[in-house]
Amino acid sequence: MSGSLLVDNIGELVTNGAGEGPLGIRRNAAVLVEEGRVVWVGPSAYAPAADHHVDAGGAAVLPGFVDSHAHLIFAGDRAAEFAARMAGQPYTGGGIRTTVGATRAATDDELRVTVRRLRGEALRQGTTTMEIKSGYGLTVADEARSLRIAAETSTETTFLGAHVVPAEYADRPDDYVGLVCGPMLAAAAPYAKWIDVFCEQGAFDVDHARAILACGQAAGLGVRLHANQLGPGPGVQLGVELDAASVDHCTHLSDADVAALAATAHTDGSGTRTVATLLPGAEFSTRSPYPDARRLLDAGVTVALATDCNPGSSYTSSMPFCVALAVREMRMAPAEAVWAATAGGARALRRDDIGVLTPGARADLVVLDAPSHLHLAYRPGVPLIRQVIRNGVPQ
Ligand code: NIG
Ligand code: FE
């Protein structure tokens with residue numbers, strides 16, 4: 001779309017910048033967009049003229065959701081495993097290998113169709129930025145093609161060759177770590193921005209995780225990791241040690257883990273350098289206790305919310321669903337949850353151009369079918385996303 005775009009008649013504008021409360025709310029506001037960027041925010045009554053116009057009709061407008069943790073490159077599904085869990089089976093992560101088999105057997109186009117379907121689903125639910133991980137290929141060729149296909153859809157791509165040790169390396173995990181750090185990383189790095197490891201009992205221990213993340217860092221990738229999901233462990237503190245942008249899951253934390261995250265606080269009071277990303281869709285779908293968001297927030301830790309969209313532990317692409325869960329089950333205030341799903345996700349990706357609606361930011365806006373952000377948690381399961389504008393373009 002060429003020319004400027006004015007979104008006016010906004011009853012409640014969440015800026016995550018200057019304004020009322022933690023969300024920087026402005027009332028009766030308008031946003032002017034030029035060349036994919038926000039160039040002006042102010043009272044609707046004083047809005048400048050523009051080439052194109054969206055009338056929000058008094059509704060709430062917020063920054064597009066930033067989903068900083070998703071596994072979209074896979075084939076098949078695990079609905080039967082989900083049903084078994086709902087009948088009482090525990091979640092162990094062992095099902096990952098089922099998806100690895102299906103993914104290896106899939107064609108590039110089959111993988112492409114799935115990633116586009118899920119990305120489209122998320123976009124219709126207000127997600128304007130979505131991180132995408134590999135991790136269901138686990139061979140040099142399958143990890144490289146997973147990331148090549150992911151990079152067609154997102155710039156936020158993550159190499160997760162260390163998701164689990166694949167069956168063919170079951171009795172020689174050291175050799176698999178060598179493969180991940182050597183030829184697999186070399187093949188994946190051109191398509192990846194981040195490196196991730198599933199640091200958990202039954203996946204990778206802390207020494208293997210440290211070695212893999214350090215190799216990724218040396219290859220120029222940023223660090224993030226799956227940590228403390230299924231039980232307590234060293235993952236969170238390893239993330240802090242390696243200056244991870246985010247440690248994800250954080251379901252089982254010790255006081256020392258929380259203190260280590262809090263100690264990464266920026267000196268200007270703008271939160272922590274390492275973000276705790278909480279993934280309540282995983283606890284929902286594995287019927288597990290939710291992480292204690294309140295404890296992290298009260299310690300001053302920056303919290304993000306993301307979907308963890310994957311066929312095993314959390315097959316949802318819906319950020320509004322995660323916001324509702326965070327409020328109902330994790331004692332987050334609605335404003336905290338909305339911040340975590342927008343600006344928090346941006347922090348988890350070390351981005352300052354998204355997750356906010358202030359001049360200079362990318363013009364990613366969501367118009368709700370509701371007068372306030374509160375409705376995202378207050379009206380769970382209801383399609384409240386009326387319109388999405390991404391990069392200044394109405395979708
Ligand atoms: O984030 N924890 C590891 N990876 C995924 C689960 C993947 C799967 O079960 O297929 C997660 O929950
Ligand atoms: Fe995950």
Side-chain angles (χ1 to χ4, degrees), residues 67-86 89-104 106 111 114 118 122 130-138 142-143 146 150 156-167 194-205 208-209 212 223-231 233 235-236 239 244-252 275-291 304-317 319 322 325 345 348-349:
D67 185 353
S68 61
H69 184 138
H71 309 244
L72 303 189
I73 311 292
F74 64 84
D77 75 31
R78 286 166 30 214
E81 182 190 311
F82 173 76
R85 271 203 307 276
M86 294 305 108
Q89 293 290 314
Y91 175 76
T92 59
I96 294 172
R97 290 196 183 91
T98 309
T99 303
V100 169
T103 304
R104 288 176 179 176
L111 297 178
T114 299
L118 294 169
M130 198 166 189
E131 183 256 17
I132 303 178
K133 299 178 196 301
S134 66
Y136 291 114
L138 311 187
D142 285 306
E143 284 297 298
S146 295
E156 300 294 345
T157 52
T158 301
F159 171 45
L160 180 58
H163 199 181
V164 287
V165 177
W194 302 96
I195 185 158
D196 191 343
V197 171
F198 185 19
C199 182
E200 195 83 36
Q201 234 173 30
F204 293 87
D205 68 20
H208 282 158
I212 293 163
V223 169
R224 45 201 324 104
L225 72 158
H226 284 71
N228 303 54
Q229 174 186 6
L230 304 176
V236 164
S246 178
V247 285
D248 296 29
H249 283 287
C250 292
T251 310
H252 298 271
V275 171
T277 298
L278 309 182
L279 308 165
E283 278 74 36
F284 178 89
S285 289
T286 58
R287 194 171 268 151
S288 306
Y290 289 89
L305 286 171
T307 61
D308 197 14
C309 184
N310 76 77
S313 62
S314 181
Y315 202 5
T316 181
S317 56
M319 289 295 278
C322 294
L325 282 182
L349 295 171

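When a ligand or atom number is given, it counts from 1 through the structure's own listing order.
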Query - pair His163-His71: side-chain heavy atoms closer than 4.5 Å - result: yes
Query - Side-chain heavy atoms of Leu111 within contact of Thr103, under 4.5 Å - result: yes
Report task. Confirm or rule out an N/O/S atom of Asp248, from backbone or side chain, lying less than 2.8 Å from the Fe ion (ligand 2). Result -> no
Report summary line: heavy-atom search around atom 7 (C) of ligand 1 in the protein gives Tyr136 OH, 3.1 Å
Report summary line: Closest heavy-atom pair, His249 versus Leu278, reported as atoms and distance to 0.1 Å, is O-CD2, 3.5 Å
Query raised in the report: Hey, are the side chains of Ser285 and Phe82 touching, using non-hydrogen atoms and a 4.5 Å cut-off?
Result: yes
Query raised in the report: Does even one non-hydrogen atom of Phe74 get within less than 4.0 Å of ligand 1?
Result: no
Requested in this report: Quick one: look up the protein heavy atom nearest atom 11 (C) of ligand 1 and list residue, atom name and how far away it is.
Outcome: Asp308 OD2, 3.1 Å
Requested in this report: For Val236 and Asn228, work out which heavy atoms get closest and say how close.
Outcome: N-OD1, 3.1 Å
Query raised in the report: Side chains of Ile73 and Ser134: closer than 4.5 Å at any heavy-atom pair?
Result: no
**Report entry** Metal check, the Fe ion (ligand 2) vs His249 N/O/S, cut-off below 2.8 Å
**Finding:** no
Requested in this report: Distance to 0.1 Å, residue and atom name: give those for the protein heavy atom nearest to atom 6 (C) of ligand 1.
Outcome: Tyr91 OH, 3.2 Å
Report summary line: Nearest heavy atom to atom 5 (C) of ligand 1, choosing from His163, His249, Glu81, belongs to His163
Report summary line: Of all the N, O or S atoms in Asp308, the one nearest to the Fe ion (ligand 2) is OD1
Query raised in the report: Is Asn310 in contact with ligand 1, taking contact as a heavy-atom separation below 4.0 Å?
Result: yes
Query raised in the report: Does ligand 1 have any atom that is closer than 4.0 Å to a heavy atom of Glu200?
Result: no
